[in-house]
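Only heavy atoms go into these numbers, but all of them, side chains included; no hydrogens, no water, no symmetry mates. Remember, it's 1-based here, ligands and their atoms both numbered in the order they're listed.
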Amino acid sequence: MTVIENPEGADTTSGTPAALRIHRPGTRPPMQPCAAEGGCPFQLKGSVPGRSNGVEGRTLQHHGPAPLVELPGGVQARVIVAYDLALRLTAGRDVSRSADHWPGFRDGSLAVDGVLRQWASPRNALNAEGEEHARLRAPIQAGLTPRRVREMTPVIEAIVEEALEDLEAIAEASGVVDLVPAFALRIPQQVITRLMGVPSALMGQFGQAATGLFDTSAGPADMQRSMETVLELLGEMVAARRAHLGDDLVSDLIRAAEQAANPLSDEDLLAQLMLVVIAATETTVHAIGTLIVHLLTHPAQRALVVSGEVSLDDALEESLRLQPPAASVPLRFAVRDFEDAESGQVFRKGEPILIHAAAAGTDPDVHTAPGVYNPAARPAASTSRSDTDRTCAPAPRWPGAK
Ligand code: HEM
């Protein structure tokens with residue numbers, strides 16, 4: 001069994017700049033032979049402080065388009081590292097995000113504990129498919145509109161300006177600024193609490209519990225406690241908002257959930273709110289953190305961004321390509337036995353599958369210099385975002401693909 005360690009990269013949670021590596025540009029790494037019977041699973045050990053998912057992804061590329069990995073709890077999964085295969089699987093109908101396709105998971109006969117159970121269990125938009133997905137997602141879509149995001153812009157600008165002013169004060173007082181709590185985490189946390197309309201009396205408590213959800217050193221019991229606290233606080237907010245509906249995301253979700261043809265239960269509503277808290281915070285913290293690291297460690301690219309020759313959007317997209325905050329979320333499942341004709345990769349019904357965005361984003365069949373941070377070379381398509389919800393849509397086809 002091979003354990004992936006990361007001697008050279010870092011994530012922003014450790015506060016250490018990532019060491020970016022140029023990985024033999026333009027050549028797919030040679031396949032490593034595997035002697036183990038039934039495959040050669042890597043261990044993906046979950047969150048390891050100091051480990052970069054970019055380096056993890058490029059290590060996995062040595063083992064074909066879909067190597068076998070072992071996840072926490074001993075669960076085996078196929079991890080997709082080839083860009084084209086990732087696009088085919090996410091766009092096709094052979095793979096689902098619903099754990100209903102995971103034999104034994106729902107009835108409890110499959111022993112899956114800890115982090116995987118917590119991610120795969122909730123009935124939320126991230127883990128659903130088809131009509132159930134549409135039903136669970138509808139209230140989020142009704143509340144998280146471009147209008148609301150536009151209206152939030154001055155609020156977000158004020159939050160950022162205040163955080164920047166405080167950075168100077170922190171630097172003067174202690175000489176050292178940890179950008180994660182002082183900036184990268186503070187901004188999305190304040191934005192999401194304002195967006196949701198968290199009452200100011202609950203802000204501190206909510207922020208503390210929400211931070212606990214992302215504590216990579218927390219054990220299962222601590223994690224469970226944080227989940228319960230956030231759910232409890234969200235429950236209190238829903239009850240309070242029901243009494244006095246306002247102009248905030250929670251009120252919009254309540255209205256949409258109640259007006260739906262098949263109204264959402266309180267449990268379903270809380271699961272969608274929890275999804276928004278998790279999906280919006282942890283991702284953005286690392287998007288901001290890794291962008292800062294990339295710009296600080298690439299002065300020439302930074303100068304292009306400052307001068308306006310390269311857009312900040314491209315700088316961010318390129319940073320997300322190399323080190324996406326959610327490298328392999330969500331867990332997916334093969335809904336039937338099938339073979340991907342182009343790669344020849346076979347999948348078995350019920351087999352868990354992870355799309356490794358960090359590996360797919362640095363696929364040497366697509367990029368001539370996969371590991372290089374180069375926002376100036378991004379295709380024009382990446383900046384042409386529409387006003388609709390594109391935040392979490394799949395990446396566009398890379399025009400330079402070989
Ligand atoms: C840089 C920031 C972000 C990244 C990298 C990111 C990444 C992702 C990824 C990888 C998924 C799974 C997509 C799939 O199934 O293939 C997802 C889903 C989702 N994200 Fe984000 N996200 C970000 C920001 C946000 C924000 C700010 C919000 C809300 C305010 C949000 C809300 C959601 C929701 C609701 C889903 C489930 C969508 C559905 O399947 O219907 N995300 N995101």
Report task. Keeping the roles fixed (side chain from D363, backbone from Y83), state whether a donor-acceptor pair exists under 3.5 Å. Result -> yes
Query raised in the report: What do you reckon, does L144 put a non-hydrogen atom under 4.0 Å from ligand 1?
Result: yes
Query - Selected option - heavy-atom contact closest to atom 4 (C) of ligand 1, from I355, T283, V277 - result: T283
Report summary line: Under 4.0 Å from one or more heavy atoms of L126, ligand 1 contributes atoms 12 (C), 18 (C)
Query raised in the report: Under a 4.0 Å heavy-atom limit, does P330 contact ligand 1 with its side chain, its backbone, both, or neither?
Result: side chain
Query raised in the report: Heavy atom under 4.0 Å from ligand 1: found in E317's side chain, backbone, both, or neither?
Result: neither
Query - Sub-4.0 Å atoms of ligand 1 with respect to non-hydrogen atoms of R97 - result: 14 (C), 15 (O), 39 (C), 40 (O)
Report task. Identify whether the distance between the nearest side-chain nitrogen and carboxylate oxygen of E318 and R321 falls below 4.0 Å. Result -> yes
Report task. May I ask you to check whether T284 has an N/O atom sitting below 3.5 Å from an N/O atom of ligand 1? Result -> no
Query raised in the report: When you measure from atom 32 (C) of ligand 1 to each heavy atom in A86, A279, A280, which option holds the nearest one?
Result: A279
Requested in this report: Look only at the side chain of E351 and the backbone of R348, and say whether a donor-acceptor pair between them is shorter than 3.5 Å.
Outcome: yes
Throw together a table of side-chain donor-acceptor distances under 3.5 angstrom for residues 325-339, partners on residues two or more places apart or in other chains.
from : atom 1 : to   : atom 2 : distance (Å)
R336 : NH1    : R93  : O      : 3.3
R336 : NH1    : D94  : OD1    : 2.5
D337 : OD1    : K349 : N      : 2.7

Query raised in the report: Which of these, V276, L316, L275, has its nearest heavy atom closest to atom 37 (C) of ligand 1?
Result: L275
Query raised in the report: Of all residues at least two apart in sequence or in a different chain, which pass the side chain to side chain donor-acceptor pair (under 3.5 Å) check with E258?
Result: R242
Query raised in the report: Which atoms from ligand 1 have a heavy atom of A287 less than 4.0 Å away?
Result: 1 (C)
Report task. Would you please determine whether Q272 falls within less than 4.0 Å of ligand 1 on a heavy-atom basis? Result -> no
Query raised in the report: Okay, side chain of Q323, backbone of S319: is any donor-acceptor separation there less than 3.5 Å?
Result: no
Report task. Taking atom CZ of R194 as the centre, report whether more than 12 heavy atoms of other residues, nucleotides or ligands fall under 6.0 Å from it. Result -> no
Report task. Would you please classify the geometry between the F105 ring and the W102 ring as parallel, tilted or perpendicular, with 30° and 60° separating the classes? Result -> parallel
